[in-house]
Number of protein chains: 2
Amino acid sequence: MKAGSAQWWRARYAARERQRPRAGGLELGRITRAALEIVDAEGLAALTMRRVAEEIGVRHTSLYRHVASRDELLVELVDHVLGEVVPQTTGRGWRADLEQAAWEFRRVLLAHPAIVPLLTLGQLLGPHALRGREFGLGLLTRAGWAPSRAVHIYLTVAHFVIGTALLGTGGAARGAEERTAMTELFAGLPQYPLVRELAEPLNIPDGDQEFDFGLTALLNGMGDPR
Amino acid sequence: MKAGSAQWWRARYAARERQRPRAGGLELGRITRAALEIVDAEGLAALTMRRVAEEIGVRHTSLYRHVASRDELLVELVDHVLGEVVPQTTGRGWRADLEQAAWEFRRVLLAHPAIVPLLTLGQLLGPHALRGREFGLGLLTRAGWAPSRAVHIYLTVAHFVIGTALLGTGGAARGAEERTAMTELFAGLPQYPLVRELAEPLNIPDGDQEFDFGLTALLNGMGDPR
DNA sequence: ACCTGAACACCGTTCAAGT
DNA sequence: ACCTGAACACCGTTCAAGT
């Protein structure tokens with residue numbers, strides 16, 4: 001069964017209910033916490049089963065009693081990080097609430113850049129993901145949006161947050177020396193005059209500004225609940 | 001030097017100019033073409049150096065003469081796929097042109113779902129990526145958008161296309177049995193009443209409709225060139 | 001029930017040797 | 001200049017054996 005699929009999640013929830021952890025034993029939380037530490041400090045490539053086990057002080061084969069594969073561990077890690085998202089209502093209407101939730105989601109993702117690519121590994125159906133989903137749908141339906149419209153808006157904004165985080169972290173992130181390298185690169189490519197001319201605004205590494213621009217346009221374009 | 005970084009691309013362009021391939025020899029194009037075949041048919045996990053070499057009929061260590069690492073191969077593969085994007089003007093104004101380009105970009109990504117996650121590996125600075133960038137910036141500036149505005153619009157739309165493709169392909173893609181599994185999953189989770197109530201619209205696997213909704217909202221919200 | 005040890009198949013990458 | 005062969009270090013995963 002593929003880790004992160006709906007079928008997998010269903011089995012996972014059932015197993016979690018059945019489970020009674022014994023005192024002093026290794027549990028899933030200890031594993032995901034160790035995994036997050038490694039991934040935050042050293043990146044995704046450093047996250048091996050052996051490395052996680054070493055961090056905890058156990059043989060790496062022991063992990064397979066709690067997690068069926070590395071992929072399962074990664075899926076669990078994603079929902080663990082999603083637990084840091086704490087959406088709150090603002091008292092200033094649905095649009096302000098949605099914007100605040102989007103920025104809060106973005107904040108958490110940027111705090112753990114290495115796990116962002118993992119969001120595409122499976123479906124976001126863990127307890128923390130569903131908590132966020134419930135919150136978003138709640139504020140939209142309470143504002144008067146029709147159910148199918150609320151779903152569309154929720155999914156579009158969520159995907160926008162994830163998409164911009166994906167492109168803004170990792171390989172696409174721009175430092176100072178990256179920017180000078182880019183200028184030099186474009187200088188040697190006369191085939192693309194506009195790319196060269198607009199090199200400066202293209203390379204300003206202000207992801208927050210771009211995020212603000214896109215989110216505002218998105219919400220402007222959606223109108224109001226009938 | 002990190003594959004996909006601006007510095008890497010700079011060296012890569014320079015090396016490509018220097019290169020004179022000898023007749024009958026192995027060249028990069030042959031490698032990326034074999035890689036794409038494998039990845040389309042069997043997914044990203046099947047794309048090993050040994051497998052690519054086998055497909056071509058050569059020892060796997062030979063690949064390292066043309067590509068410094070597996071990561072380099074993946075970055076080259078991305079730009080290779082981007083070559084399939086053929087944006088065209090419509091004669092119906094900048095907005096129609098931009099929408100058409102966005103759909104064309106989406107079409108190519110969905111045709112090669114396994115490579116979509118690779119778009120986040122490095123910067124999109126290959127020749128085909130820059131060709132698309134030049135096209136997008138061209139149609140926007142010709143329409144009268146101020147340069148910095150054109151850049152924002154271009155980046156936002158491009159990131160939107162990639163973001164929705166990322167979440168719509170791979171693990172998040174929904175088949176029929178996935179949807180029934182999701183219904184059963186929600187039925188057992190009374191903690192999330194709205195998620196359960198809206199399960200049906202949430203699980204309709206119509207990515208095109210969601211894409212259309214988001215793209216329209218985005219462009220609606222951007223207004224017109226001054 | 002949980003952890004350990006040994007083992008398996010398979011990776012990416014390096015490098016001296018051939019032509 | 002390019003390809004080959006052998007080798008290295010390191011993976012994820014399985015499973016019988018211990019407690």
Side-chain angles (χ1 to χ4, degrees), chain A residues 1-4 8 14-32 34-35 38-39 42-77 114 117-118 121-122 171, chain B residues 1-4 8 14-32 34-35 38-39 42-77 114 117-118 121-122 171:
Chain A
M1 187 157 29
K2 208 201 157 216
W8 179 86
R16 213 171 295 198
E17 242 172 48
R18 236 182 291 117
Q19 202 176 352
R20 8 202 130 269
R22 80 149 64 159
L26 184 59
E27 3 108 286
L28 188 60
R30 188 126 158 262
I31 296 177
T32 51
I38 294 167
V39 108
E42 303 169 42
L44 195 54
L47 188 65
T48 66
M49 300 298 270
R50 284 166 162 89
R51 184 81 177 67
V52 171
E54 186 192 9
E55 192 81 11
I56 300 178
V58 84
R59 301 290 141 214
H60 71 280
T61 50
S62 304
L63 300 178
Y64 287 89
R65 183 140 310 259
H66 300 87
V67 110
S69 66
R70 181 171 182 264
D71 272 358
E72 273 202 19
L73 170 56
L74 298 182
V75 169
E76 291 284 1
L77 178 59
L118 303 180
L121 224 55
Chain B
M1 187 159 25
K2 208 201 158 215
W8 179 86
R16 213 170 297 198
E17 242 171 50
R18 234 181 292 118
Q19 200 176 353
R20 8 203 131 269
R22 82 149 61 159
L26 185 58
E27 5 108 285
L28 188 61
R30 189 125 159 262
I31 297 177
T32 52
I38 294 167
V39 107
E42 303 169 40
L44 195 54
L47 187 65
T48 66
M49 301 298 271
R50 284 164 162 89
R51 185 79 179 68
V52 172
E54 185 192 8
E55 192 81 9
I56 300 177
V58 85
R59 301 289 142 216
H60 71 281
T61 50
S62 304
L63 301 178
Y64 287 91
R65 184 140 308 260
H66 300 87
V67 109
S69 66
R70 181 171 181 265
D71 272 357
E72 273 202 19
L73 170 57
L74 298 182
V75 170
E76 291 283 1
L77 178 58
L118 303 180
L121 225 55

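Chain letters run A, B, ... following the sequence lines, proteins first, then strands; residues in each count from 1.
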*Asks:* A side-chain contact here means heavy atoms from C-beta on lying under 4.5 Å apart; do A/Leu118 and A/Val39 qualify?
*Replies:*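 No, every pair of side-chain atoms sits at 4.5 Å or beyond.
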
*Asks:* To the nearest Å, give me how far apart CG (B/Leu44) and P (C/dC11) are.
*Replies:*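 After rounding, the reported distance stands at 13 Å.
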
*Asks:* Starting at CZ of A/Arg51, measure out to CD1 of A/Ile38 and round the result to the nearest 0.5 Å.
*Replies:*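 Rounded to the nearest 0.5 Å, the CZ-CD1 separation comes to 4.5 Å.
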
*Asks:* Would you mind telling me which of C/dT13, C/dT4, C/dC11 lies closest to the side-chain atoms of A/Ser62?
*Replies:*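 The closest nucleotide is C/dT4.
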
*Asks:* What is the distance, rounded to the nearest whole Å, between atom CD1 of B/Ile31 and atom P of C/dG12?
*Replies:*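 About 14 Å, once rounded to whole Å.
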
*Asks:* Let me know the distance between CG of A/Leu28 and P of C/dC2, rounded to the nearest Å.
*Replies:*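 About 13 Å, once rounded to whole Å.
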
*Asks:* Could you go over nucleotides 7-9 of chain C and give all protein N or O partners under 3.5 Å, atom names and distances?
*Replies:*
none

*Asks:* So do the side chains of A/Ile31 and A/Val52 get within less than 4.5 Å of each other, counting heavy atoms only?
*Replies:*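 Side-chain contact under 4.5 Å: yes.
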
*Asks:* Can you list the residues that meet the side-chain hydrogen bond (donor to acceptor under 3.5 Å, both in side chains) rule with A/Arg59, with sequence neighbours excluded?
*Replies:*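 side-chain hydrogen bond (donor to acceptor under 3.5 Å, both in side chains) check on A/Arg59 returns nothing, list empty.
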
*Asks:* Using atom OH of A/Tyr64 as one end and atom P of D/dA16 as the other, report the distance to the nearest whole Å.
*Replies:*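 The distance from OH of A/Tyr64 to P of D/dA16 comes to 17 Å, rounded to the nearest Å.
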
*Asks:* Checking A/Glu72 side chain against A/Ala68 main chain: does a donor-acceptor pair fall under 3.5 Å?
*Replies:*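 Judged by distance alone, yes, a pair lies under 3.5 Å.
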
*Asks:* Got A/Met49 and A/Val67 here, is their nearest side-chain heavy-atom distance under 4.5 Å?
*Replies:*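 Answer yes - side chains close enough.
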
*Asks:* Starting at CD of B/Glu27 and ending at P of D/dA1, how long is that distance when rounded to a whole Å?
*Replies:*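 After rounding, the gap between these two atoms is 18 Å.
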
*Asks:* Is the closest basic N to carboxylate O distance between B/Arg50 and B/Glu54 below 4.0 Å?
*Replies:*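 No salt bridge links B/Arg50 with B/Glu54.
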
*Asks:* Quick one: the dot-bracket string of DNA chain D, using Watson-Crick and G-U wobble pairs with both distances under 3.5 Å, [ ] for crossing pairs and | for bases paired to another strand.
*Replies:* ||.|||||...|||||.||

*Asks:* Tell me: CZ of B/Arg51 to P of C/dC11, nearest whole Å?
*Replies:*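 These atoms are roughly 10 Å apart.
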
*Asks:* What heavy-atom pair brings A/Gly43 and A/Ala114 nearest, and what distance separates the two atoms?
*Replies:*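 Shortest heavy-atom contact: CA-CB, 4.2 Å.
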
*Asks:* With the side chain of A/Arg65 defined as its heavy atoms from C-beta on, choose the nearest nucleotide among D/dC3, C/dC3, C/dT13.
*Replies:*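 The closest nucleotide is C/dC3.
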
*Asks:* Contact class for B/Arg70 vs. all strands (heavy atom < 4.0 Å): base, sugar-phosphate, or nothing?
*Replies:*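 B/Arg70: backbone/sugar contact only, no base atoms under 4.0 Å.
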
*Asks:* If I compare all heavy atoms of B/Lys2 with all of B/Leu121, which pair ends up nearest, and what's the gap?
*Replies:*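 Of all heavy-atom pairs spanning B/Lys2 and B/Leu121, the closest is NZ-O, 3.4 Å.
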
*Asks:* In whole angstrom, give the distance that lies between atom CG of A/Leu73 and atom C1' of D/dG12.
*Replies:*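 It is 12 Å, rounded to the nearest whole Å.
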
*Asks:* Here's a test of your reading of the structure: between B/Asp71 and A/Gly57, which maps to the more 5' nucleotide of DNA chain C?
*Replies:*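 Here A/Gly57 is the residue nearer the 5' end.
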
*Asks:* When the distance from CG of A/Leu47 to C1' of D/dG12 is rounded to whole Å, what number comes out?
*Replies:*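 Answer to the nearest Å: 12 Å.
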
*Asks:* Kindly point out which of C/dC11, D/dT13, C/dT4 is positioned nearest to the side chain of B/Thr48?
*Replies:*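 Closest nucleotide to the B/Thr48 side chain: C/dC11.
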
*Asks:* Which listed nucleotide (C/dT14, D/dC11, D/dC3) is nearest to the side chain of B/His66?
*Replies:*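 Of the options given, the side chain of B/His66 lies nearest D/dC3.
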
